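For reference, the structure is listed below as structure tokens.
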Amino acid sequence: MSSEEETDISESEMEECADKWYQKLKEGYGREKISGEVNQCPFCPGQKKQAYSFNDLVQHSSGVSKGGSQRRKLNDKAKHLGLTNYLKNKDFLQVSDEMETELQPTNDHGNDVDEKYAFPWMGIVANLPVQLNGRRYVGKSGSWLRNDLTKKGFNPLRVHPLWNYRGHSGKAVVEFGNDWKGFANAIKFQNSYESQHQGKEDYLVSQYKGDKLYGWVAKADDYNSSAIIGDYLRKNGDLKSISEVEAEEKRKADSLVSSLANTIEAKRQSLKEIESKCNETSMCLSNVMNQRDAMIKKYNEDFQRMEKNARDQLEKMLKNQETSKLYIEARRKELELREKELMEREAFNDNQRQDLHLLKQMNERAAEEQKRYDESVLTLAEEQKVKAKETLRQKNMEFQKKLDLKQALELEIERLTGAKNVTEQMGDDQEVRKKLDEIDESLNEKKEELEDLEALNQALVVKEQQANVELTDARKELIDLIKKHSFRASIGVKRMGELDSTRFREITKSKFLGTDGNLKATQFCSMWEHHLVDPNWHPFKDVTRENGSKETIIDDNDERLNRLKHEFGQAAYDLVTATLMEMNEGPSGRCITTELWNYKLGRKATLNEGITFALQKLKTSKGKKQH
């Protein structure tokens with residue numbers, strides 16, 4: 001190895017070194033290793049896998065030149081880079097043609113290009129030593145002769161001894177392959193024996209052959225002979241002239257060039273399709289981003305409008321609270337003035353003084369109680385509205401952010417997956433594999449982001465559950481407040497699942513005759529109240545709607561309900577079934593629960609409706625006390 005090859009190079013000199021090795025390969029360096037159907041890497045003599053097809057050799061050289069292995073020197077990478085350029089530019093075809101020209105026999109050496117030879121190239125060895133063993137002749141194996149010919153430099157592929165009914169015939173066929181190197185070995189084999197006067201003509205004219213071996217190249221007369229040699233040649237080969245072999249080699253080379261051109265064109269078309277799909281994906285992503293911007297704009301407008309309404313409502317509540325404080329302060333001053341006037345009166349008696357003092361204490365306690373109540377209600381209302389607004393804002397923002405991220409990630413993953421599938425069809429090119437690695441790395445990052453987004457979604461669900469618990473607690477406090485003051489108006493507290501006994505007795509007492517009709521109606525009502533809470537009675541059934549949702553309704557085939565409807569009419573039936581549905585929809589199952597109720601609209605009252613109603617009643621109550 002030269003000093004130039006032993007010395008490693010820098011990265012800046014790698015391209016220049018690769019060009020030098022490229023020129024050496026064009027000049028014929030290593031041509032014996034890359035000019036046949038099975039090729040070898042001229043720069044990897046110690047590698048275990050030494051035989052490559054053309055595509056495998058291209059892949060090997062490209063992989064070594066672009067690989068990131070630290071064990072390979074830059075000089076090795078430069079050599080393989082030059083080999084890659086040499087193979088891709090098809091310079092090996094020109095070198096192969098030149099080598100074939102060198103190996104092909106010419107008329108200057110006495111060979112006729114139209115003379116017929118046995119193909120693949122074969123030679124014949126005659127007068128092999130044999131011995132009579134019983135009734136058959138035996139001789140040495142073909143491996144012995146092949147090793148002997150190999151030592152002499154003829155490099156045969158195989159040696160086949162010829163046998164007939166008498167045993168070993170003393171002749172063997174030597175195969176040299178079907179390339180020009182094999183032909184050169186065959187000619188060298190024949191010339192060697194002819195130079196020792198052991199060729200075919202010597203074999204035919206010699207009267208005493210002794211133990212000398214005779215050899216020659218199999219030609220048309222051997223192929224067409226009726227002897228055992230002709231039979232073997234006809235079974236295992238054809239007759240071809242040198243010009244015919246040259247024409248066939250040229251046809252194979254033209255076919256390879258055409259195949260490579262078609263492959264390049266197919267890769268170019270595939271690249272155009274990939275670019276088209278990438279453009280379509282980019283347009284789709286742009287549309288999604290525009291939709292996202294529109295949704296964010298609409299959300300901001302809605303949030304600003306909600307924030308303004310909440311601020312106006314809070315200002316109104318604070319203004320009403322201030323008015324109430326002023327009224328109570330004026331009332332207190334008026335009472336103090338009246339007390340002073342009464343004390344100054346000479347005719348003021350003890351009873352009047354005591355009554356006035358008691359009235360003052362009661363008024364002060366009422367004022368303090370009213371003040372504490374107003375503060376607690378206002379605080380509750382303000383906290384509830386702030387929590388509801390903040391919860392709604394956070395949920396909308398986090399949901400919108402999660403939706404946007406999820407849509408963008410899913411689109412990116414779909415785009416990368418499509419690009420990966422299309423790129424995989426481009427073959428095993430080094431650039432294609434590098435692009436695939438980049439796509440896989442990006443795809444894994446997007447998938448990790450999607451998993452993080454799913455974890456964030458779970459956290460948002462937990463926050464939403466906590467907000468629902470807080471809203472439920474606030475609703476319970478409002479129910480307790482309204483129950484404590486016993487308001488009677490459109491908003492109140494209703495016992496869900498409790499049978500309206502008054503209405504039920506009015507419907508059923510007409511069916512009981514006699515003076516004890518009211519008593520029987522009361523007893524009948526008590527019996528049905530017991531039926532309603534009986535856990536063993538389940539007059540319900542589940543049905544599936546057209547949209548696929550399931551709903552629980554009253555079982556119209558229930559025997560007990562049908563008997564009530566038949567004996568006491570539709571009104572009693574409707575009253576009982578309505579109570580059953582209220583109990584079944586409750587959170588505690590078949591139990592009576594209290595619920596904030598809008599009697600005017602016949603439905604559950606919202607938390608805002610309950611707070612507004614309570615404030616109005618408190619203001620009305622203040623006005624009555626002042627008068």
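Heavy atoms only: backbone and side chains are in, while hydrogens, waters and symmetry mates are out. Every value quoted in this text rests on a predicted model; they were computed, and no experiment measured them.
- Of the inter-residue distances, the one linking Asn185 atom CG with Asp179 atom CG reads 8.5 Å to the nearest 0.5 angstrom.
- Of the possible polar contacts, none joining the Ser192 side chain to the Phe189 backbone as a donor-acceptor pair under 3.5 Å is found.
- Not one N or O on the side chain of Ser206 forms a donor-acceptor pair closer than 3.5 Å with the backbone of Tyr203.
- By the 4.5 Å heavy-atom criterion applied to side chains, Lys200 and Asp221 are counted as neighbours.
- Side-chain atoms of Ser169 and Asn164 form no donor-acceptor pair, as typed in the model, at a separation below 3.5 Å.
- For Glu248 and Lys240, the salt-bridge test passes: some basic side-chain N is under 4.0 Å from an acidic carboxylate O.
- Judged by distance alone, the side chain of Glu551 and the main-chain N or O of Val543 form no donor-acceptor pair under 3.5 Å.
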CA sep, side-chain torsions, deciding dist, call: Val173, Val159, side chain to side chain contact (heavy atoms under 4.5 Å, CB included): CA-CA 6 Å; Val173 175; Val159 175; over 6 Å; no
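- Counting heavy atoms from C-beta outward, Leu83 and Cys41 have side chains that approach closer than 4.5 Å.
- A donor-acceptor pair under 3.5 Å is absent between the side-chain atoms of Ser286 and the main chain of Ser282, judged by distance alone.
- With rounding to the nearest 0.5 Å, the separation of CG in Asn178 from CE in Met122 is 10.0 Å.
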Side chain to side chain contact (heavy atoms under 4.5 Å, CB included) between Arg136 and Tyr165, intermediate numbers included: CA-CA 8 Å; Arg136 292 175 60 85; Tyr165 68 97; 5.6 Å; no
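- Trp216 is listed as a side-chain neighbour of Asp222, based on a closest heavy-atom distance under 4.5 Å.
- The closest donor-acceptor contact from the side chain of Ser255 to the backbone of Arg251 lies at 3.5 Å or more, if one exists at all.
- In the model, Gln198 has no side-chain atom that pairs as donor or acceptor with a side-chain atom of Glu194 under 3.5 Å.
- Side-chain contact between Glu115 and Ser241 is absent, with no heavy atoms from C-beta onward closer than 4.5 Å.
- Phe119 contributes atom CZ, which lies 10.5 Å from atom CZ of Phe183 (distance to the nearest 0.5 angstrom).
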From CA spacing to verdict: side chain to side chain contact (heavy atoms under 4.5 Å, CB included), His80, Cys44: CA-CA 10 Å; His80 285 83; Cys44 298; 3.3 Å; yes
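- Between Lys171 and Leu128 there is no side-chain heavy-atom pair separated by less than 4.5 Å.
- Between Lys116 and Lys219 the shortest side-chain heavy-atom distance does not fall below 4.5 Å.
- Salt-bridge formation is not detected for the pair Lys235/Asp231: no Lys NZ or Arg NE/NH1/NH2 atom is positioned less than 4.0 Å from an Asp or Glu carboxylate oxygen.
- Atoms CZ and CZ, on Arg146 and Arg158 in that order, are 9.5 Å from each other to the nearest 0.5 Å.
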Worked verdict on Lys212 versus Asp202 for salt bridge (charged side-chain N to carboxylate O under 4.0 Å, His left out): CA-CA 11 Å; Lys212 294 189 298 183; Asp202 300 310; over 6 Å; no
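- The residues Lys297 and Asp293 are annotated as not salt-bridged, no charged nitrogen and carboxylate oxygen being separated by less than 4.0 angstrom.
- Ion pair Lys298/Glu301 not flagged as a salt bridge, since none of the NZ, NE, NH1 or NH2 atoms sits closer than 4.0 Å to an Asp/Glu carboxylate oxygen.
- A parallel orientation is assigned to the rings of Tyr299 and Phe303, their planes being inclined by less than 30° (bins at 30° and 60°).
- No donor-acceptor pair under 3.5 Å is formed between the side chain of Lys20 and the backbone N or O of Lys79.
- In this structure, the side chains of Trp21 and Tyr86 stay at 4.5 Å or more apart for every pair of heavy atoms.
- Within the model, atoms OH of Tyr137 and CD of Gln131 stand 11.5 Å from one another, a figure rounded to the nearest 0.5 Å.
- A donor-acceptor pair under 3.5 Å links the side-chain atoms of Thr263 to the main chain of Ser259, judged by distance alone.
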Audit row: Ile242, Tyr117, side chain to side chain contact (heavy atoms under 4.5 Å, CB included) steps and yes/no: CA-CA 8 Å; Ile242 295 176; Tyr117 292 85; 4.1 Å; yes
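- Side chain of Asp148 to main chain of Trp144: no donor-acceptor pair is present (N/O by atom type, distance under 3.5 Å, no hydrogens or angles).
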Derivation of the salt bridge (charged side-chain N to carboxylate O under 4.0 Å, His left out) call for Lys272 and Glu275: CA-CA 5 Å; Lys272 290 182 180 179; Glu275 292 176 351; over 6 Å; no
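- Checked by atom type and distance alone, the side chain of Asn224 never pairs as donor or acceptor with a backbone atom of Gly230 at under 3.5 Å.
- Put simply, CG on Leu162 and CD1 on Ile228 are 5.0 Å apart, with the number rounded to the nearest 0.5 Å.
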